[in-house]
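Below you'll find the structure, written out as structure tokens, and then a few comments.
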Amino acid sequence: MKELTYEQDRRRAQSALLGTETASKVSGHVMRSASPQLASHTAHVDSPSRGAFHSGYGETWAKTILIGEHSAVYGYPAVAFPLHSMKMKAWATPNLNGRHELRALGFSGPLEESGQRFAGIRRAVTVAEEFVSPRRWSAFTFVTEADFPAERGLGSSAAAAGAVIRAVLDAYGMSATSQELFELTNRAEMVTHGHPSGLDSATTCSRNAVMLSAGRISQLSIQSSGVLIIADSGICGSTREAVDSVRSQYEQDKPRVGAILAELGTLGSQSVNDLQRGAIGDLGVHMNAAHILLAQLKVSDPTLNRLVSAARESGALGAKMTGGGLGGCIVALAADQRQADTVMRKLKQTGARGVWSHRLGAVA
């Protein structure tokens, strides 16, 4: 994808608000903008002290959990990678409608009427406005565009919240530290996930791999040179439902489920060591073992299992489900891009709805 400059993105947002159709690369993710009549309602306030004075732009990206989903909830380590080529973009353009509007994922209308699916975006707008505390409040038309599907365990809710927050701050000419942006995004994520770990909020704007361990988030130094492959099953997952399911199993059978979680935790620690040593062969073995344990927790499904098997049969060093499960995506590991290309072809033949690759150690 050809990268756009900041000003090109702003002009693109303006044209979208004047009636141009905006679409993501993902099938079914088409976001139609307002009607041409909205042109007369586009406003530019000339003083930042009075309100927003130009369109704001924000950008984040997808993430994939390499190891540690579910066990991280119980204090064990997890590692996630930012997927810099899979963008989430948001624009906030002032309007004179007197109310916020949203154009995203097929929805077009007042933000307050956008429903539960966009509760995270509504909360993101609120926390951003609380941070800005403008002397004069401005109504915005928000447009979002994603290179990856929602509800697949790729961090779309955190990415959307983070991008919208950045767009609001930019429109008001405000800056924020990385820590402040993380905290604002995590506050928005509470609407979607209840008690978010912060892993998604951190990784969807991180330049490097991120580790979560005992509630603490840190950047991870990577020495490995392999390639990650992400494949979409086409089935929407539910992180909250999956986490609740594992919790219920744990409460009913603590010895068995506790042992599985502890073993996943051990695999997480070993995988961190693998990444730091550049031992991608060992990392693949640990990914395979993690998938077996996640299947025992009943958070995988037949489609994910089929994609995992296809990846391994085509030469992947390891493959497993990623994210909450019950649908969503898998992540596979290849030694190099040539092997990754072979695995990606096989996954497409097996029915993957979308396939992406990401080089380990890549920095945005």
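Position 1 is the first residue of the sequence, and the numbers go up from there.
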Checklist entry - So do Glu69 and Val299 actually touch side chain to side chain, heavy atoms under 4.5 Å? => result no
Next on the checklist: Does the plane of the ring in His358 sit parallel, tilted or perpendicular to the ring in His84? Use 30° and 60° as the thresholds.
Outcome noted: perpendicular
Checklist entry - Members other than Ile217 in its cluster, when Ile, Leu, Val, Met, Phe, Trp, Tyr link by side-chain heavy atoms under 4.5 Å? => result Ile65, Phe182, Leu199, Val210, Leu212
Next on the checklist: Closer than 3.5 angstrom, by distance alone: can the side chain of Tyr172 be matched with the main-chain N or O of Ser138 as a donor-acceptor pair?
Outcome noted: yes
Item to check | Side-chain touch Leu66/Thr322, heavy atoms, less than 4.5 angstrom | outcome: no
Checklist entry - Do the charged groups of Asp244 and Arg247 touch, with an N to O distance under 4.0 Å? => result yes
Checklist entry - Does the pair Arg353 and Arg152 meet the rule for a side-chain contact (heavy atoms from CB on, under 4.5 Å), with working shown? => result CA-CA 11 Å; Arg353 296 288 294 275; Arg152 299 295 202 281; 5.6 Å; no
Next on the checklist: I need the minimum non-hydrogen distance between Phe142 and Leu111, along with the two atoms involved.
Outcome noted: CE1-CD2, 4.3 Å
Checklist entry - Looking only at heavy atoms, which two atoms of Pro149 and Asp232 are closest? And how far apart? => result CG-OD2, 3.7 Å
Checklist entry - With a 4.5 Å limit on heavy-atom distance, are the side chains of Phe118 and Thr144 in contact? => result no
Checklist entry - Hey, is the main chain of Ala159 close enough, under 3.5 Å, to the side chain of Thr60 for a donor-acceptor pair? => result yes
Item to check | His291 vs Asn288 side-chain heavy atoms within contact, under 4.5 Å | outcome: no
Checklist entry - Do Ile222 and Phe81 have side-chain heavy atoms sitting under 4.5 Å apart? => result yes
Next on the checklist: I need the minimum non-hydrogen distance between Cys329 and Leu304, along with the two atoms involved.
Outcome noted: O-CD2, 3.7 Å
Checklist entry - Does the side chain to side chain donor-acceptor pair (under 3.5 Å) test come out yes or no for Gln337 and Asp341, once each step is laid out? => result CA-CA 6 Å; Gln337 191 61 52; Asp341 291 341; 3.0 Å; yes
Checklist entry - With a 4.5 Å heavy-atom cut-off, do Arg207 and Gln219 have their side chains touching? => result no
Item to check | Donor-acceptor pair, side chain of Ser314 and main chain of Ala311, under 3.5 angstrom | outcome: yes
Next on the checklist: For the NE2 atom of His70 and the CG atom of Leu293, what is their distance to the nearest 0.5 Å?
Outcome noted: 12.5 Å
Item to check | Beyond-backbone contact of Tyr76 with Leu264, side-chain heavy atoms, under 4.5 angstrom | outcome: no
Item to check | Main-chain N/O of Gly120 paired with Arg122 side-chain donor or acceptor, under 3.5 Å | outcome: no
Next on the checklist: Working note: Leu307 + Ser233, criterion side-chain contact (heavy atoms from CB on, under 4.5 Å); need CA distance, chi angles, decisive distance, verdict.
Outcome noted: CA-CA 8 Å; Leu307 291 173; Ser233 70; 4.1 Å; yes
Item to check | Inter-residue atom distance Ile165.CD1 - Thr185.OG1, 0.5 Å rounding | outcome: 4.0 Å
Next on the checklist: Do Glu101 and Pro110 have side chains that approach each other closer than 4.5 Å (heavy atoms only, starting at C-beta)?
Outcome noted: yes
Checklist entry - Looking at Phe148 and Met86, what are the two nearest heavy atoms and their distance? => result CE2-O, 3.4 Å
Next on the checklist: Test your reading of the model: is there a side-chain donor-acceptor pair from Gln339 to the backbone of Ala335, 3.5 Å cut-off?
Outcome noted: yes
Checklist entry - Any donor-acceptor pair under 3.5 Å linking the side chain of Asn97 with the backbone of Arg99? => result no
Item to check | Heavy-atom closest contact (Met287 atom, Val331 atom, distance) | outcome: CE-O, 3.6 Å
Checklist entry - For Leu326, which fellow cluster members are found when Ile, Leu, Val, Met, Phe, Trp and Tyr are connected by side-chain heavy-atom distances below 4.5 angstrom, either directly or through intermediates? => result none
Next on the checklist: Leu83 vs Trp356, test: side-chain contact (heavy atoms from CB on, under 4.5 Å). Steps then yes/no.
Outcome noted: CA-CA 9 Å; Leu83 305 173; Trp356 304 267; over 6 Å; no
Checklist entry - Run the salt bridge (charged side-chain N to carboxylate O under 4.0 Å, His left out) check on Lys87 and Glu59 step by step: do they pass? => result CA-CA 7 Å; Lys87 305 288 188 184; Glu59 180 179 292; 3.3 Å; yes
Checklist entry - For Leu333, which of Ile229, Val343, Ile280 qualifies under side chain to side chain contact (heavy atoms under 4.5 Å, CB included)? => result Ile280
Item to check | Working for side chain to side chain donor-acceptor pair (under 3.5 Å), residues Ser221 and Gln276 | outcome: CA-CA 6 Å; Ser221 176; Gln276 293 175 330; over 6 Å; no
Checklist entry - So which heavy atom on Ser357 is nearest to which on Val227, and how close? => result CB-CG1, 3.9 Å
Item to check | Stepwise side-chain contact (heavy atoms from CB on, under 4.5 Å) check, Phe107 with Leu102 | outcome: CA-CA 7 Å; Phe107 176 83; Leu102 177 65; 4.1 Å; yes
Next on the checklist: Between Asp274 and Gln270, is there a side-chain donor-acceptor contact under 3.5 Å, judged purely by atom types and distance?
Outcome noted: no
Checklist entry - What is the ring orientation for Trp91 with Tyr57, classed by angle as parallel under 30°, tilted 30 to 60°, or perpendicular over 60°? => result tilted
Checklist entry - Looking only at atom types and distance, does a side-chain atom of Arg123 sit under 3.5 Å from a main-chain N or O of Ala119, one as donor and one as acceptor? => result no
Next on the checklist: So does Leu267 get a backbone contact from the side chain of Ser271, meaning a donor-acceptor N/O pair under 3.5 Å?
Outcome noted: yes
Checklist entry - Any side-chain donor paired with an acceptor under 3.5 Å for Ser309 and Glu313? => result no
Item to check | Working for side chain to side chain donor-acceptor pair (under 3.5 Å), residues His54 and Asp170 | outcome: CA-CA 8 Å; His54 59 61; Asp170 183 40; 4.6 Å; no
